[in-house]
Amino acid sequence: LAEFLTNTAMAAQANALERLGMDNDIFQKLHSLSAKEKCSVTLRFTSEESCDFVKEQTVDVESKREFITEIEEGEITESGKEKKTKTTSRHKVVTKIKEYHWKVTVNYSLFAFPGNDPESGKIVLQSREASTVIVTTGGKQSPLPSKFISDPIDVSLTRLLQNISDQDSFNCNFSIDREATSCRTPRQNEEIFAAIAFFKKMTDWSYRINNYIKRVASLTCARGASPSVEPESHADIHSINDDGVFVPVLPLFETPVEQSKESNALTSSSDSITPTMLISLGKQKDSEEMSPLLPIA
């Protein structure tokens, strides 16, 4: 069970990396560097921000309050009667405000590299450059540093690559050395400790990048819109989360059953992988029997 769950987690992690740009060709190259050339492989996220002055302009901003003045006048008509007239005038206070426009540019890159030199053999998974304009008031003072280079966010992929076999197809082959003196239980052993440490590092790496992207996305929202225009609609970055993501792990413990003659039998983990999956759990041996965690009634 411990080996099966670890292989499941590693397959899920590899397929998540595929979504980030690690296609089959890149994975084969990285796997070759780790398995054949015995090189460590690191996944790195780098980013650079800049803030440049664009222009200064003066705008007229009307107050939200409206002042109403009513004037009543009376005059005597030819018949000797008094005729009253009422005049109403409306006005608002207009304030002149100086605006300072700044162009904020963010450039980031996600790449993998072997060994200790990031520029040697660098393989880019994805990169992007984007910019936006923020507006400030109250003085020509840059709201952000003119140039800022974030510290690289690294995570090692060596542990993942070492536990994937390239025979015929890429399959997870994590196993526990039960003959080792350090192996006390399926949970208390060196292989499981190393796997847990790897997953924890991947989790920390993901959280750091997530926090960085949220900070960058909130730059324009935090500074506010220009006083001279209607506020633009901004994407709520906090609405992009994994709260509603379904993790289909429990069905892997259920024994496949045939529903009817007309319907197809439920497939098990021994079936061939779909083309969209980068890594599979491999084939289950015929002699291995798995008792379902959630028995089928």
Side-chain angles (χ1 to χ4, degrees), residues 1-45 110-116 118 120-126 153-180 182-183 186-187 189-206 209 247-249 251-253 267-288 290:
L1 179 61
E3 292 177 350
F4 180 75
L5 285 177
T6 305
N7 281 320
T8 302
M10 287 191 172
Q13 186 65 73
N15 289 313
L17 292 174
E18 181 187 17
R19 296 295 181 180
L20 295 177
M22 186 178 292
D23 57 22
N24 188 63
D25 293 337
I26 294 177
F27 193 88
Q28 285 183 353
K29 187 172 183 179
L30 295 178
H31 187 273
S32 177
L33 289 170
S34 176
K36 298 179 181 179
E37 301 183 23
K38 304 301 180 181
C39 292
S40 62
V41 177
T42 304
L43 187 62
R44 170 169 289 188
F45 178 87
L110 178 65
F111 60 91
F113 64 92
N116 299 322
S120 176
K122 180 169 68 173
I123 303 175
V124 178
L125 276 65
Q126 62 171 286
I153 305 177
D154 293 349
V155 65
S156 175
L157 297 180
T158 306
R159 178 64 58 179
L160 174 66
L161 297 172
Q162 288 176 344
N163 286 279
I164 294 178
S165 171
D166 61 348
Q167 296 179 357
D168 298 330
S169 61
F170 288 114
N171 294 320
C172 294
N173 64 349
F174 173 84
S175 62
I176 299 172
D177 184 4
R178 302 179 186 275
E179 301 298 327
S182 59
C183 180
R187 170 62 180 84
N189 55 80
E190 297 297 331
E191 290 80 14
I192 289 294
F193 293 154
I196 292 176
F198 165 74
F199 291 126
K200 184 178 184 303
K201 290 177 181 178
M202 286 296 304
T203 300
D204 295 341
W205 180 81
S206 302
I209 296 178
V247 182
V249 174
L252 296 175
F253 295 99
T267 57
S268 68
S269 61
S270 62
D271 293 328
S272 59
I273 61 174
T274 59
T276 57
M277 293 181 63
L278 182 64
I279 304 296
S280 73
L281 296 176
K283 294 185 178 181
Q284 181 181 343
K285 297 179 181 179
D286 296 335
S287 59
E288 293 181 355
M290 295 174 53

task: Taking all heavy atoms of Val41 and all of Ala112, pick out the closest pair and write down the distance.
output: CG1-CB, 4.5 Å

query: So how far is it from His31 NE2 to Glu37 CD, rounded to the nearest 0.5 Å?
result: 12.5 Å

- request: Could you check Trp205 against Ile209 for side chain to side chain contact (heavy atoms under 4.5 Å, CB included), going step by step and ending with a plain yes or no?
  value: CA-CA 6 Å; Trp205 180 81; Ile209 296 178; 3.3 Å; yes

task: Locate the shortest heavy-atom distance separating Pro114 from Gly121; write the atom from each residue and the value.
output: CD-O, 3.5 Å

message: Going by the rule side-chain hydrogen bond (donor to acceptor under 3.5 Å, both in side chains), which residues pair with Arg44 if we only count those two or more places apart in sequence or in a different chain?
response: Asp154

Exercise: identify the closest heavy-atom pair between Cys172 and Ala11: SG-N, 3.6 Å

- prompt: Can you name the nearest heavy-atom pair linking Ser175 to Glu191, along with the distance?
  reply: O-CG, 3.6 Å

- request: Please confirm whether Lys122 makes a cation-pi placement over Phe111, using NZ or CZ under 6.0 Å from the six-membered ring centre and within 45° of the ring normal.
  value: yes

message: Apply side chain to side chain contact (heavy atoms under 4.5 Å, CB included) to residues Leu157 and Leu17 and explain how you reach the verdict.
response: CA-CA 10 Å; Leu157 297 180; Leu17 292 174; 4.1 Å; yes

task: State whether the side chain of Asn171 and the backbone N or O of Ser165 hold a donor-acceptor pair below 3.5 Å, judged by distance alone.
output: no

statement: dist Leu43:CG -> Ile153:CD1 (nearest 0.5 Å) comes out at 10.5 Å

query: Residues in side-chain contact (heavy atoms from CB on, under 4.5 Å) with Glu179, at least two apart?
result: Asp177

query: If you round to the nearest 0.5 Å, how far is CD1 of Ile26 from CG of Leu125?
result: 5.0 Å

query: Do Leu20 and Leu110 come close enough that some side-chain heavy atom pair is under 4.5 Å?
result: yes

- prompt: Say you draw a straight line from NZ of Lys29 to OG of Ser34; how long is it, rounded to the nearest 0.5 Å?
  reply: 14.5 Å

query: Does the side chain of Met22 come within less than 4.5 Å of Leu30's, by heavy atoms?
result: yes

query: Checking Asn173 side chain against Ile164 main chain: does a donor-acceptor pair fall under 3.5 Å?
result: yes

task: Any chance you could measure Gln28, atom CD, to Leu33, atom CG, to the nearest 0.5 Å?
output: 12.0 Å

task: Run the numbers on Phe174 and Leu5 for side chain to side chain contact (heavy atoms under 4.5 Å, CB included), then give the verdict.
output: CA-CA 10 Å; Phe174 173 84; Leu5 285 177; over 6 Å; no

query: Say you draw a straight line from CZ of Arg178 to CG of Asn189; how long is it, rounded to the nearest 0.5 Å?
result: 8.0 Å

Going by atom type alone, with no hydrogens or angles, which donor-acceptor pairs under 3.5 Å involve a side-chain atom of residues 196-203 and a protein atom two or more places apart or on another chain?
unit_1	atom_1	unit_2	atom_2	d
Lys200	NZ	Asp204	OD2	3.2
Thr203	OG1	Phe199	O	2.9

query: For Ile192 and Pro186, which heavy atoms make the closest approach, and how far apart are they?
result: CG1-O, 3.3 Å

query: Just by modelled atom types, is the Ile176 backbone N or O under 3.5 Å from a matching donor or acceptor in the Glu3 side chain?
result: yes

message: For Ser182, is there any backbone N or O sitting under 3.5 Å from a side-chain donor or acceptor partner on Glu190?
response: no

